[in-house]
Amino acid sequence: MPELPEVRTVAVFLNNKVANLSILNTECFFEKMIWRNEVNEFKKEVSNQKILRVLNYGKYLMFEFKDWMMISHLRMEGKWSVSPKEIDIYNKNHLRLQFELSNGEYLKYYDSRKFGTIEIWEKDDYLELSGMNKLGPEPLNSKPSFKYLKDKATNSNSLIKAFVLDQSVLCGIGNIYANEILFAANIHPERITKSLTDKEIIKIIKASNKILERAIALKGTSIHSYKSGNGEVGQFQHELKVHLRRDEECFVCGSKIVKKQVAGRGTYFCKICQH
DNA sequence: ATTGAAGCCTGTCCGC
DNA sequence: TGCGGACAGGCTTCAA
């Protein structure tokens, strides 16, 4: 479900709602979602901890405590909300985890497909333990550098679609934005990555910055089930150029947008504009 | 070391 | 209306 712009929107929302509140009690209704930690240990570590702030890196949502970092990955369907105990913003059947907060409200996690995960590590070495130290830069604020992306692309035999989805290359791009970025950069998703020219690498950097920053400004893309905290919908779906537009006319050249599986993911592109 | 495919789960949509 | 199959915004693990 959510990619960098959606997770950023959720992080900003949650930070406004729960920063400086403490967790009084924890209930987990689907233990497998507690990842790489033992459930009782997890509960012990978050109990009576004050949430200092909520932030994100790429698709990873992070709750910072004094000594711990709690990392939530929403995968396809994960959703957070803050509400009174008896009120559910999302389908109550999908409630997987809830924290009682010191102001009497509840911080709740819902996940229909049970793909999402949550884990907790000591702050000192959470990057190594969680594997987040392997993530590439967020494609924002003129990052990555040309040299960085060129080095990553030079010897890669993977398809470009897979390359831009690789979180160790660029962090935070998912299928929707990958489709949109490659369209904006006029690059065919089935090209081999090492065939990228310098000019095309620069185009990927510029397109990824522009698209993700615009999507953040619009609070993300709302299609299928995605809503940010407490049911707010994003607006970037109105600016999609190729994603979900199978057989519709390309806004640039008028030919039909193609959909096919590339690198295992539903891929939309214009075979005239992208080459 | 890379790359591709399967697996994790459930809900929704489409065609018969 | 009911049923089966395809598909969904992601990641990890396993096999080649």
Trainee: For A:Ser145, which residues count as a side-chain contact (heavy atoms from CB on, under 4.5 Å) partner, sequence neighbours excluded?
Mentor: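 With sequence neighbours excluded, A:Ser145 shows a side-chain contact (heavy atoms from CB on, under 4.5 Å) to A:Lys147, A:Tyr148, given in chain and number order.
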Trainee: Nearest to the A:Gln167 side chain among C:dC11, B:dG11, C:dA8, which nucleotide is it?
Mentor: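 Per side-chain heavy atoms of A:Gln167, the pick is C:dC11.
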Trainee: Return the value, rounded to whole Å, for the distance between atom NZ of A:Lys79 and atom P of B:dT10.
Mentor: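 Computing the A:Lys79:NZ to B:dT10:P distance gives 15 Å.
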Trainee: For C:dC11 and A:Lys59 - does any side-chain N or O of the residue sit under 4.0 Å from the phosphate oxygens OP1/OP2?
Mentor: yes
Trainee: What is the separation between atom CD on A:Glu77 and atom C1' on B:dG11, rounded to the nearest whole Å?
Mentor: 8 Å
Trainee: Among the candidates C:dA8, C:dC11, B:dG11, find the nucleotide nearest to the side-chain atoms of A:Tyr60.
Mentor: C:dC11
Trainee: Using whole Å, report how far CG of A:Asn91 lies from P of B:dT10.
Mentor: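 Computing the A:Asn91:CG to B:dT10:P distance gives 13 Å.
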Trainee: Name all residues meeting the ring pair (Phe, Tyr, Trp, His ring centres under 6.0 Å) criterion together with A:His73; count only those two or more places apart in sequence or in a different chain, and write none if there are none.
Mentor: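 With sequence neighbours excluded, A:His73 shows a ring pair (Phe, Tyr, Trp, His ring centres under 6.0 Å) to A:Tyr60, given in chain and number order.
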Trainee: Once you apply a heavy-atom cut-off of 4.0 Å, does A:Gln237 come out as touching a base, just sugar-phosphate, or nothing?
Mentor: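 It contacts nothing in the nucleic acid.
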Trainee: Using whole Å, report how far CZ of A:Arg36 lies from C1' of C:dT12.
Mentor: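 That distance rounds to 9 Å.
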Trainee: Taking only N and O in the side chain of A:Lys259, is any of them less than 4.0 Å away from OP1 or OP2 of C:dA8?
Mentor: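 It does, given that an N or O in the side chain of A:Lys259 lies less than 4.0 Å from OP1 or OP2 of C:dA8.
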Trainee: Cation-pi check for A:Phe183 against A:Arg245: NZ or CZ below 6.0 Å from the six-membered ring centre and within 45 degrees of the axis, yes or no?
Mentor: no
Trainee: Mind checking what makes side-chain hydrogen bond (donor to acceptor under 3.5 Å, both in side chains) contact with A:Asn209, not counting sequence neighbours?
Mentor: none
Trainee: What residues, two or more places apart in sequence or in another chain, satisfy side-chain contact (heavy atoms from CB on, under 4.5 Å) together with A:Asn48?
Mentor: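 Result, side-chain contact (heavy atoms from CB on, under 4.5 Å) vs A:Asn48: none returned.
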Trainee: Look at A:Arg214 together with A:Glu180 and state whether they make a salt bridge at an N to O cut-off of under 4.0 Å.
Mentor: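 Salt bridge between A:Arg214 and A:Glu180, a charged N being under 4.0 Å from a carboxylate O: no.
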Trainee: Using only side-chain N and O atoms of A:His73, determine if any of them is under 4.0 Å from OP1 or OP2 of C:dC11.
Mentor: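 A:His73 to C:dC11 OP1/OP2: side-chain N or O found under 4.0 Å.
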Trainee: As a test of your reading of the structure, name each stem of DNA chain C as range with range, where a stem is three or more consecutive Watson-Crick or G-U pairs at under 3.5 Å.
Mentor: B:2-8 with C:10-16, B:10-16 with C:2-8
Trainee: Remember a base hit wins even if backbone is also touched, and classify A:Gly174 as base, sugar-phosphate or nothing at under 4.0 Å, heavy atoms.
Mentor: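 Result for A:Gly174 = sugar-phosphate.
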Trainee: Considering only nitrogen or oxygen atoms on both sides, find all protein atoms under 3.5 Å from nucleotides 1-4 of chain B and state each distance.
Mentor:
{"from": "B:dT3", "atom 1": "OP1", "to": "A:Asn157", "atom 2": "N", "distance (Å)": "2.6"}
{"from": "B:dT3", "atom 1": "OP1", "to": "A:Ser158", "atom 2": "N", "distance (Å)": "3.3"}

Trainee: Short question: side chain of A:Lys150, backbone of A:Asp198 - any donor-acceptor pair under 3.5 Å?
Mentor: no
Trainee: Please state how far atom CD1 in A:Ile118 lies from atom P in C:dC11, giving the value in whole angstrom units.
Mentor: 16 Å
Trainee: Whole angstroms only, please: what is the CG-C1' distance between A:Asn179 and C:dA8?
Mentor: 13 Å
Trainee: For A:Ser156, which residues count as a side-chain contact (heavy atoms from CB on, under 4.5 Å) partner, sequence neighbours excluded?
Mentor: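 Once residues adjacent in sequence are excluded, the partners of A:Ser156 under the side-chain contact (heavy atoms from CB on, under 4.5 Å) criterion are A:Ser158, A:Phe163, A:Thr193.
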Trainee: Compare the ring of A:Phe115 with the six-membered ring in the base of B:dC8 and state whether they stack (centres under 5.5 Å, planes under 30°).
Mentor: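 According to the criterion (under 5.5 Å, under 30°), yes, A:Phe115 stacks.
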Trainee: How would you list, by chain and number, every residue that makes a side-chain contact (heavy atoms from CB on, under 4.5 Å) with A:Leu55, sequence neighbours excluded?
Mentor: A:Arg53, A:Met62, A:Glu64
Trainee: For residues 170-177 of chain A, tabulate all N or O donor-acceptor pairs below 3.5 Å that involve a side-chain atom, not counting sequence neighbours.
Mentor:
{"from": "A:Asn175", "atom 1": "OD1", "to": "A:Lys161", "atom 2": "NZ", "distance (Å)": "2.6"}
{"from": "A:Asn175", "atom 1": "ND2", "to": "A:Gly266", "atom 2": "O", "distance (Å)": "2.9"}
{"from": "A:Tyr177", "atom 1": "OH", "to": "A:Glu6", "atom 2": "OE2", "distance (Å)": "2.6"}
{"from": "A:Tyr177", "atom 1": "OH", "to": "A:Thr221", "atom 2": "OG1", "distance (Å)": "2.6"}

Trainee: If the P atom of B:dA1 is compared with that of C:dC11, how far apart are they to the nearest Å?
Mentor: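 To the nearest whole Å, 23 Å.
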